[in-house]
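Heavy-atom basis, side chains included; hydrogens, waters and symmetry copies ignored.
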Amino acid sequence: MVKLRLKRCGRKQRIVAIDVRSRREGRDLRKVGFYDPIKNQTYLNVPAILYFLEKGAQPTGTVQDILKKAEVFKALCPNQTKFN
């Protein structure tokens, strides 16, 4: 199973698609964005995120909040799984 989660990288945190069995700093499948909590900046590769979500990837709680704020879930088809 694939998850979208945060991976530490200096003071910024990368949003990555990673296998569930990997540790937090393990090898990721793909980098799909970054989040800087100090400056409150976010960069998202929306097509890559939508690709992984459509394939069944599950975002962690924090990543889900970041994606909600960026309104990524509105781009999903209405018949897809709904994220509250």
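Under the 3.5 Å distance criterion, the side-chain polar atoms of K3 are left unmatched by any main-chain donor or acceptor of V16.
To the nearest 0.5 angstrom, Q13 atom CD is 9.0 Å from D36 atom CG.
Minimum interatomic distance between R11 and I38 (heavy atoms only, all atoms of both residues): CD-CD1, 3.9 Å. For the pair R27 and I18, the tightest heavy-atom approach, listed with the atom from each and the gap, is O-CG1, 3.6 Å. Residues C9 and R14 come closest through the heavy atom pair SG-NE, 3.6 Å. Here the closest heavy-atom approach between residue N40 and residue K69 is recorded as OD1-NZ, 4.4 Å. Closest approach of Q64 to P59, counting heavy atoms only: N-CB, 4.1 Å.
Residues forming a side-chain contact (heavy atoms from CB on, under 4.5 Å) with F52 (at least two apart in sequence, or on another chain): V2, L4, A17, R30, V32, A57. The side-chain contact (heavy atoms from CB on, under 4.5 Å) check on D65 picks up nothing, with sequence neighbours excluded.
R5 has its side chain within reach of S22: a pair of non-hydrogen atoms, C-beta onward, lies under 4.5 Å apart.
Cluster membership for Y43 and L67, using ILVMFWY side-chain heavy atoms within less than 4.5 angstrom, is not shared. By the rule that hydrophobic residues join a cluster once side-chain heavy atoms approach within less than 4.5 Å of another member, F34 and L29 end up as members of separate clusters.
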Go through the steps for Q58 and M1 under the test side-chain contact (heavy atoms from CB on, under 4.5 Å), then give the verdict. CA-CA 8 Å; Q58 297 293 317; M1 179 179 187; 3.0 Å; yes

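Only one option out of V72, I15, T60 pairs with I66 in a side-chain contact (heavy atoms from CB on, under 4.5 Å); it is I15.
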